[in-house]
Protein chains: 2
Amino acid sequence: MERNTRQRAAIRAAFSRARRPLGPTEVLELARQDVDGLGIATVYRTIKSLVDDGWLTAVGLPGEPDRYEPAGLAHHHHFRCKSCDRVFDLEGCVEGLKKLVPKSFQLEGHELILVGRCKQCAA
Amino acid sequence: MERNTRQRAAIRAAFSRARRPLGPTEVLELARQDVDGLGIATVYRTIKSLVDDGWLTAVGLPGEPDRYEPAGLAHHHHFRCKSCDRVFDLEGCVEGLKKLVPKSFQLEGHELILVGRCKQCAA
DNA sequence: GTCGTTGCAAAGCGTTTGCAGCCTA
DNA sequence: TAGGCTGCAAACGCTTTGCAACGAC
């Protein structure tokens, strides 16, 4: 059974405030604003437990470790800024996925990641 | 300047024969059929050098390390089988990417990964 | 013979785990 | 007070690097 600790509250708050997918190190930096001395092991453990609880979901990005965002968002995709390395949520999806796959293959899902420069870095 | 060693030839041959993106361990297994005692460090070093030469390109997959395939293929995407974990090339692309991105963002590229079960594993 | 390449082992690096003490309920 | 939670440090797994021996040219 789960306890409400300062650490867990700070980690959840970090996600709620960020409104974009965060990696473990980003979470550590943000949550340390609330809890001094927070350890990276606690961040990893808490992320895993929040994923198990269904409060967070993993965001898979090509060639790098997963980041995480609150679960329950509508189906959407992500934009990664080449310059600041932050990831942003995008609304909407694309069509015509099924026609890319051979008929003998079973299509069960897809991931789409757009890359470029975010508003801040494009300026 | 670059030398033609048995190891390098075996690693290139592995990619040519496989006709799908390979990870370092897959390369090791395949290339060891030609060169007994091949070391994993050599595989990593050779992959890096082939990428630098422009003979290989990295294939980024969500939540896992890059795989590699010969460079120069037409723009395409990938299908990852949930069951056997192999990755296959797909032809074609999708439309309507630009409309997903806020106008203030600069879109420079995209990655699309379809997941499901391959012909073999769907049977 | 030169010097790039190789295999081994050690070092890195991000992530996970063991453990004693802490703190929530 | 009990037992989950935390921080530290050690352990892990994958990738990279140092080094002496090897081998392509």
Side-chain angles (χ1 to χ4, degrees), chain A residues 1-15 18 21-69 80 84-87, chain B residues 1-15 18 21-69 80 84-87:
Chain A
M1 158 244 218
E2 205 160 83
R3 291 179 181 176
N4 292 333
T5 62
R6 291 183 311 132
Q7 290 85 345
R8 184 173 303 247
I11 289 168
R12 270 202 290 241
F15 283 105
L22 301 176
T25 307
E26 287 176 298
V27 173
L28 182 66
E29 286 168 11
L30 291 170
R32 268 191 173 161
Q33 294 171 9
D34 292 356
V35 177
D36 197 52
L38 177 63
I40 186 68
T42 297
V43 171
Y44 278 105
R45 275 187 291 233
T46 304
I47 286 175
K48 180 162 291 185
S49 122
L50 291 173
V51 169
D52 290 345
D53 294 352
W55 198 86
L56 282 180
T57 50
V59 174
L61 299 165
E64 56 173 296
D66 286 345
R67 305 196 191 186
Y68 301 87
E69 67 183 355
R80 186 168 74 82
C84 66
D85 199 44
R86 288 182 300 179
V87 171
Chain B
M1 160 246 217
E2 205 162 82
R3 292 178 183 177
N4 291 332
T5 63
R6 290 183 313 135
Q7 289 85 347
R8 184 174 303 247
I11 289 168
R12 269 201 290 240
F15 283 105
L22 301 175
T25 306
E26 289 176 297
V27 173
L28 183 65
E29 285 168 11
L30 290 170
R32 269 191 173 160
Q33 294 172 9
D34 292 356
V35 176
D36 196 53
L38 177 64
I40 187 67
T42 297
V43 171
Y44 278 105
R45 275 187 291 232
T46 303
I47 286 174
K48 180 162 290 185
S49 122
L50 291 172
V51 169
D52 290 345
D53 294 354
W55 198 87
L56 283 180
T57 51
V59 174
L61 300 165
E64 57 174 298
D66 286 344
R67 306 197 191 185
Y68 301 87
E69 67 183 356
R80 186 167 75 81
C84 66
D85 199 44
R86 287 182 299 177
V87 171

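The sequence lines fix the lettering, A, B, ..., with proteins before strands; numbering per chain opens at 1.
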Strictly below 4.0 Å: does B:Arg45 bring a side-chain N or O up to OP1 or OP2 of C:dT6? no
Check whether any side-chain nitrogen or oxygen of A:Gln7 sits under 4.0 Å from OP1 or OP2 of D:dG7, and answer yes or no. yes
Keeping B:Arg32 on the side-chain end and B:Leu38 on the backbone end, is there a donor-acceptor pair under 3.5 Å? yes
Whole Å only: how far is the [atom1] atom of [X] from the [atom2] atom of [N]?
X: B:Arg6; N: D:dC22; atom1: CZ; atom2: P; answer: 14 Å
X: B:Lys48; N: C:dT6; atom1: NZ; atom2: C1'; answer: 17 Å
X: B:Ile11; N: C:dT5; atom1: CD1; atom2: P; answer: 12 Å
X: B:Arg32; N: C:dT6; atom1: CZ; atom2: P; answer: 14 Å
X: A:Leu28; N: D:dT6; atom1: CG; atom2: P; answer: 13 Å
X: B:Arg12; N: C:dT5; atom1: CZ; atom2: P; answer: 11 Å
X: A:Asp53; N: D:dG4; atom1: CG; atom2: C1'; answer: 14 Å
X: B:Asp36; N: C:dT6; atom1: CG; atom2: C1'; answer: 14 Å

Out of D:dG7, D:dC5, C:dT6, minimum distance to the side chain of A:Leu38 belongs to D:dG7
Identify which nucleotide among D:dG23, D:dC5, C:dT6 has an atom closest to any side-chain atom of A:Arg3, counting heavy atoms from C-beta outward. D:dC5
Without placing hydrogens or testing angles, list every side-chain donor-acceptor pair under 3.5 Å for residues 51-60 of chain B, not counting sequence neighbours.
{"unit_1": "B:Thr57", "atom_1": "OG1", "unit_2": "B:Glu69", "atom_2": "O", "d": "3.4"}

Base, sugar-phosphate alone, or nothing: which one does A:Ile40 contact when heavy atoms must sit under 4.0 Å apart? nothing
B:Thr5 or B:Pro24: which one's nearest nucleotide on DNA chain D is closer to the 5' end? B:Pro24
Identify, with sequence neighbours excluded, every residue that meets side-chain contact (heavy atoms from CB on, under 4.5 Å) alongside B:Ala41. B:Arg45
Hey, are the side chains of B:Arg12 and B:Asn4 touching, using non-hydrogen atoms and a 4.5 Å cut-off? yes
Pair A:Thr42, A:Arg8: side-chain N/O donor-acceptor within cut-off below 3.5 Å: no
